[in-house]
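Remarks on the structure that follows.
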Amino acid sequence: MTLSGYPIETPPRAPSPIHRFGTLAVHAGSPHDPVTGAVIEPISLSTTFAQTSVGRPVGLYEYSRSSNPNRDNFEKAVAALEHARYALAFSSGSATTATILQSLAAGSHVVSVSDVYGGTHRYFTKVALAHGVQVTFSPSIEIDISDLIRPNETKLIWIETPSNPTLSLVDIRAVASIAHQHGILVVVDNTFLSPYVQNPLDHGADIVVHSVTKYINGHSDVVMGAAAFNAPELYERLSFLQNAIGAVPSPFDTWLAHRGLKTLHLRAREATTNATLVAEALEASPHVIAVNYPGLASHPHRAIALKQHRDGMGGGMLSFRIRGGHEAAERFCQATRIFTLAESLGGVESLVEVPGAMTHAGIPREQREAAGVFDDLVRVSCGIEDAQDLRNDVLQALERAVVAPKVANGVNGHA
């Protein structure tokens, strides 16, 4: 993936799909078995495949690290849902990130949003740096991008939109327009929204990445990653690295993830409905300092959500700052009855966590707070339970986390 420094021409897009998202989710990459007629593909566990003569395999496959029927079908499905010509699956979201960064030559420079997943920040600062790739973080990438680009050095712009965990949005088209003038590729981590809510390639991104572990699989039983793109040269380079590095998912995991993908549109819609109700309840609570949710009219980047997200949806993720500091944030997470205190997101079950002490604990405090990740911030992943039950659970947990300690200490307005 060597860049010339000249403007990037938009590669040919995938043909516009004939069918809509739900139909594609169910049927893309899901051929009926030609021998048995099975409507659900079998799991191909074989690591190797017979050859009729030297160098002449019976079918399309030789060795499962290089390619496998289940992985191929899953990749076709992801490509269809992301409006891409190609997709590649990896053993984790972090492996996806690592493979893309590995494609850069030593001495390359990357510009990234500040508010990124802790694992991405760790890779950028600990691993990529050791390989001679430097990363500059920006809290306002749309404003700063022209000043941050280093001529002949900057090769990649890395965007999370929404960001993790403050749910900030980035105008993908605005960033891509400037980056492409300088021959720089734009990568968008679309994990928080999934292909149902947002398709970054449609807004000018060159590569879209996912932690498939989250919304695409959706059942908290698979660790996997994926990348989708349109340029043939990206496919040639990244598929080579996929095979050479070997960070590929198992056939069983890709079968499970493909099964989960078939209901993505249903789960994403329900998660958005639930998150919207929860966010509105939090915003109305006197025990909450601020709520970060792109589906609220109060979100500072609401206009971007209306432009980039399907029907202006906010997705299933939100975060909020609770009154009472870190101790109140911990008490809240332990007081919920439906939400589970756990890392990860995007599953059918609802989760809560404190990023400053969990998913983002590895980022220095000064950097965390500069990106809005304060010790009193709680991150919420809304699942597909009943929305009113989730709302009630949040409200009772707020009372127990904020009000109950004051009453116990005799502070409830009387001290």
Side-chain angles (χ1 to χ4, degrees), residues 115 139 162-169 192-193 271-302 304-305 312-343 345-346 349-361 365 368-383 385-409 411-415:
D115 189 12
S163 63
N164 181 6
T166 64
L167 283 297
S168 297
L169 304 184
F192 261 37
L193 291 183
T272 292
T273 297
N274 291 350
T276 301
L277 189 65
V278 168
E280 290 171 348
L282 289 168
E283 191 171 50
S285 171
H287 309 314
V288 172
I289 298 171
V291 179
N292 305 314
Y293 183 60
L296 292 175
S298 59
H299 192 282
H301 304 142
R302 178 62 182 156
I304 297 176
M313 296 171 68
M317 297 297 300
L318 61 102
S319 62
F320 69 97
R321 294 185 64 189
I322 190 170
R323 297 193 186 280
H326 177 74
E327 293 77 12
E330 283 200 14
R331 287 194 297 267
F332 174 87
C333 292
Q334 292 167 344
T336 55
R337 294 165 179 157
I338 298 174
F339 289 84
T340 299
L341 173 56
E343 297 184 357
L345 58 105
E349 66 289 313
S350 294
L351 306 175
V352 289
E353 64 117 0
V354 181
M358 296 172 68
T359 52
H360 292 65
R365 183 170 183 172
R368 280 194 285 109
E369 292 188 348
V373 186
F374 297 95
D375 289 344
D376 58 9
L377 187 74
V378 177
R379 192 185 75 177
V380 179
S381 173
C382 287
E385 302 94 340
D386 187 275
Q388 194 62 46
D389 289 338
L390 295 182
R391 177 183 179 276
N392 293 342
D393 192 29
V394 163
L395 293 178
Q396 69 81 25
L398 281 174
E399 291 290 324
R400 294 174 64 189
V402 180
V403 178
K406 292 181 180 179
V407 173
N409 294 325
V411 179
N412 193 24
H414 303 291

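FYI, the numbering just counts along the sequence from 1. These numbers were taken from a predicted model, which means no experiment stands behind them.
- Partner of Leu377 under the side chain to side chain contact (heavy atoms under 4.5 Å, CB included) criterion, out of Val354, Ile289, Asn292: Asn292 alone.
- Each side-chain hydrogen bond (donor to acceptor under 3.5 Å, both in side chains) pair with one or both residues in residues 330-339, not counting sequence neighbours, appears once here: His326-Glu330.
- The two residues Cys333 and Leu341 make their nearest non-hydrogen contact at CB-CD1, 3.6 Å.
- Between His301 and Ser168 the shortest side-chain heavy-atom distance falls below 4.5 Å.
- A donor-acceptor contact shorter than 3.5 Å links the side chain of Asp393 to the backbone of Ile338.
- Side-chain atoms of Glu353 never come within 3.5 Å of backbone atoms of Met358 as a donor-acceptor pair (strictly under, hydrogens ignored).
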Query raised in the report: Should Leu390 and Phe339 be marked as a side chain to side chain contact (heavy atoms under 4.5 Å, CB included) after you check the CA-CA gap, both sets of side-chain angles, and the distance that decides it?
Result: CA-CA 8 Å; Leu390 295 182; Phe339 289 84; 3.8 Å; yes
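- Nearest heavy atoms, Ala328 versus Arg323: CB-O, 3.3 Å.
- Scanning both residues, Thr276 and Tyr293, for their nearest heavy atoms gives OG1-OH, 3.2 Å.
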Query raised in the report: Can Asn164 and Met317 be said to form a side chain to side chain contact (heavy atoms under 4.5 Å, CB included), step by step?
Result: CA-CA 9 Å; Asn164 181 6; Met317 297 297 300; over 6 Å; no
Report task. Start with the C-alpha distance between Leu318 and His299, add both sets of side-chain angles, then the distance that settles side chain to side chain contact (heavy atoms under 4.5 Å, CB included), and finish with yes or no. Result -> CA-CA 11 Å; Leu318 61 102; His299 192 282; over 6 Å; no
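- Screening Val402, Leu282, Leu395 for a side chain to side chain contact (heavy atoms under 4.5 Å, CB included) involving His287 leaves a single residue, Val402.
- Remark: side-chain polar atoms of Ser350 are paired, donor with acceptor, to backbone N or O of Gly383 under 3.5 angstrom.
- The two atoms that bring Asp375 and Ala329 nearest to each other are O-CB, 4.1 Å, heavy atoms only.
- When all heavy atoms are compared, the tightest approach of Pro294 to Pro162 is CG-CG, 4.3 Å.
- At least one donor-acceptor pair closer than 3.5 Å links the side chain of Asp115 to the backbone N or O of Thr166.
- Proximity of Val373 to Arg379: side-chain heavy atoms (C-beta onward) are nowhere separated by under 4.5 Å.
- Here the straight-line distance linking atom CD of Glu399 with atom CZ of Phe332 works out to 11.5 Å at 0.5 Å rounding.
- There is no side-chain donor-acceptor pair under 3.5 Å between Glu349 and Thr340.
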Query raised in the report: Hey, mind stepping through Met313 and Leu193 against side chain to side chain contact (heavy atoms under 4.5 Å, CB included) and telling me if it holds?
Result: CA-CA 9 Å; Met313 296 171 68; Leu193 291 183; over 6 Å; no
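- With contacts defined as side-chain heavy-atom distances shorter than 4.5 Å, the pair Glu283/Glu280 does not qualify.
- Between the NE2 atom of His360 and the CZ atom of Arg365 there is a distance of 15.5 Å, given to the nearest 0.5 Å.
- The two residues Ser319 and Pro165 come nearest to each other via the heavy atoms OG-O, 2.7 Å.
- When side chains are defined from C-beta on, Leu398 counts as touching Phe320, because their heavy atoms get closer than 4.5 Å.
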